[in-house]
Amino acid sequence: MDKVTISVIKADIGGYVGHSSSHPDILKRAEDNLIQARDKGLLIDFKVMRCGDDLELIMTHEKGEDSSAIHKLAWDTFIDCTELAKKMKLYGAGQDILSDAFSGNVKGMGPGVAEMEIEERKSEPIIVFMADKTSPGAWNFPIYKIFADPFNTAGLVIDPSLHGGFKFEVLDIYKQETVIFSAPEEIYDLLVFIGAKEHYIIRRVWRKSDGAIASVSSTQKLALIAGKYVGKDDPVLIVRSQSGFPAVGEVLEGFAFPYMVAGWMRGSHHGPFMPVSFRDANPTRFDGPPRVIGAGFQLSNGKLIGPRDMFDDPSFDHTRRMADEIADYMRRHGPFEPHRLPLGDMEYTTLPEVRKKLEGRFKKE
Ligand code: F6R
Ligand code: MG
Ligand code: MG
């Protein structure tokens, strides 16, 4: 086989209960759709998963990135599942379906997309990370740790096949411009931007020695697409590992610190990013804290051997405990920053209305 494409396309098409999780009947319906596509030969393989209230379609095929056939399959599947969600009166049915008509590509229509076309290696371990109750900027920190920080990834220092470093493509989501940085030489420049994670998002990473793609994230910002709040983006990320890429353990180590991400309740709060097992991906406390799961696969001629539940490991218990402590600490700030997001980043606000109501009461100093 020549090249294989991994497409991860996701959408929140309805929650059970509230925004906390997904109903098994919805997953079953999505699976039925994708089985048909596989039987017709459109897909090589697929896995239907969920993280919180997000329906995740992990698909392999030979159609390349941005294939309208694959995007249409995902779109039609989301529409079909939305119909069922509406029938069941699941919460926020069709939440991420922002358009009525499909026009060849799901980008900009609500769903999140991460795709990579690769030449499958002799052995191809990949990890698909899926998050709920946060935005795509949530990946900046772990991607930096994994591909640029020698205190995280020992291979950057001691493995000749990683020692050359990686290139980072950063997207300015407000200007819709991209810029590429080379690490390690330009890490200070890179960090100036990616530290502002709600503005600059790492989209792709390549290995410098041969230009091989190493990771791809989804970068849709639903709030910007819709011009109003329609739910946090709840992003996905695909990472290749081993033999010239960071080892599986170096990739996972990037999530060992529960750093602060934007999202959580009403997409308007900072909270710790908590790595959990598949079964624990149900944000409940204050609709959170934000969760991430890691689904590990060995690709075998495009077949997805897996998933392995990568955070289902007691060595992440401490991270989770720390996340709970941070959650407590942050919650006690109530409506104050930095728990509540800065005014411009909140997905919900009453500010314009309240300001208008009080118009005559503001006096010039
Ligand atoms: C955050 C999220 C939830 C909702 C919250 C209020 O991404 O999905 O925290 O914002 O449950 O939801 P509504 O406005 O639907 O009642
Ligand atoms: Mg939802
Ligand atoms: Mg969600």
Side-chain angles (χ1 to χ4, degrees), residues 8-27 30 48-58 74 78 81-82 84-86 88-98 106 109-114 128-139 197-198 217-226 228-237 260-276 278 280-293 295 327 330-331 334-335 339-341 345-351 353:
V8 183
I9 308 186
K10 49 89 33 190
D12 174 351
I13 54 85
Y16 167 68
V17 170
H19 295 281
S20 69
S21 193
S22 310
H23 195 280
D25 290 0
I26 297 288
L27 302 187
V48 172
M49 298 190 67
R50 56 115 213 149
C51 181
D53 56 4
D54 288 276
L55 175 60
E56 320 270 359
L57 312 178
I58 302 172
F78 293 141
C81 290
T82 296
L84 178 59
K86 283 187 173 153
M88 297 169 77
K89 289 184 70 176
L90 294 181
Y91 194 69
Q95 177 180 302
D96 288 352
I97 305 300
L98 304 182
V106 297
M109 300 184 74
V113 187
V128 178
F129 293 98
M130 294 159 265
D132 190 30
K133 303 294 181 271
T134 188
S135 63
W139 303 131
K197 62 187 178 9
E198 300 312 304
S217 68
S218 61
T219 50
Q220 287 67 30
K221 278 231 44 130
L222 289 182
L224 293 183
I225 293 169
K228 64 179 177 67
Y229 175 75
V230 283
K232 271 282 169 202
D233 322 56
D234 304 336
V236 292
L237 169 73
M260 209 62 83
V261 296
W264 207 348
M265 175 56 77
R266 298 178 188 276
S268 303
H269 294 82
H270 274 127
F273 205 27
M274 187 190 247
V276 292
F278 300 160
D280 288 332
N282 312 300
T284 47
R285 181 180 178 191
F286 200 56
D287 286 358
R291 309 288 158 115
V292 53
I293 56 173
M330 293 304 281
R331 281 301 302 122
H339 183 28
R340 201 180 79 182
L341 294 184
D345 288 347
M346 286 192 298
E347 304 284 7
Y348 284 59
T349 185
T350 48
L351 188 69
E353 285 158 43

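Counting starts at 1 for both ligands and their atoms, in listed order. Note that the structure is a prediction, hence the values are computed from the model and not measured.
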For the Mg ion (ligand 2), give me the closest N/O/S atom belonging to Asp12, just the atom name.
OD2
Would you call Val48 and Leu57 a side-chain contact if the rule is heavy atoms closer than 4.5 Å?
yes
To the Mg ion (ligand 3), the closest N, O or S atom belonging to Asp53 is OD1
Restricting Asp54 to its N/O/S atoms, the closest one to the Mg ion (ligand 3) is OD2
Do the side chains of Met49 and Met130 get nearer than 4.5 Å, heavy atoms only?
yes
Does an N or O from Asp53, backbone or side chain, lie closer than 3.5 Å to an N or O of ligand 1?
no
Side chain, backbone, both or neither: which part of Trp264 has a heavy atom under 4.0 Å from ligand 1?
backbone
For the Mg ion (ligand 2), the closest N/O/S atom belonging to His19
ND1
Numbered atoms and elements of ligand 1 in range of Tyr348, under 4.0 angstrom, heavy atoms:
6 (C), 10 (O), 12 (O), 13 (P), 14 (O)
Arg50/Asp132 ion pair, N-O < 4.0 Å
no
Taking just the N, O or S atoms of Asp132, which one is nearest to the Mg ion (ligand 3)?
OD1
With salt bridge (charged side-chain N to carboxylate O under 4.0 Å, His left out) as the test, pick out the partner of Lys133 among Asp53, Asp12, Asp233.
Asp53
Distance under 4.0 Å to a non-hydrogen atom of Met265: what atoms of ligand 1 satisfy this?
9 (O)
Identify, by name, the N, O or S atom of Asp234 lying closest to the Mg ion (ligand 3).
OD2
To the nearest 0.5 Å, tell me how far His19 NE2 sits from Met265 CE.
9.0 Å
Side chain, backbone, both or neither: Arg266 near ligand 1, heavy atoms under 4.0 Å
both
Below 30° counts as parallel, above 60° as perpendicular, anything between as tilted: where do the rings of Phe286 and His339 land?
tilted
Is Gly267 close enough to touch ligand 1? Criterion: a residue heavy atom under 4.0 Å from a ligand atom.
yes
Is there a side chain to side chain contact (heavy atoms under 4.5 Å, CB included) between Ile13 and Asp96 once you walk through the steps?
CA-CA 6 Å; Ile13 54 85; Asp96 288 352; 5.7 Å; no
Does the pair Glu56 and Lys10 meet the rule for a side chain to side chain contact (heavy atoms under 4.5 Å, CB included), with working shown?
CA-CA 4 Å; Glu56 320 270 359; Lys10 49 89 33 190; 3.2 Å; yes
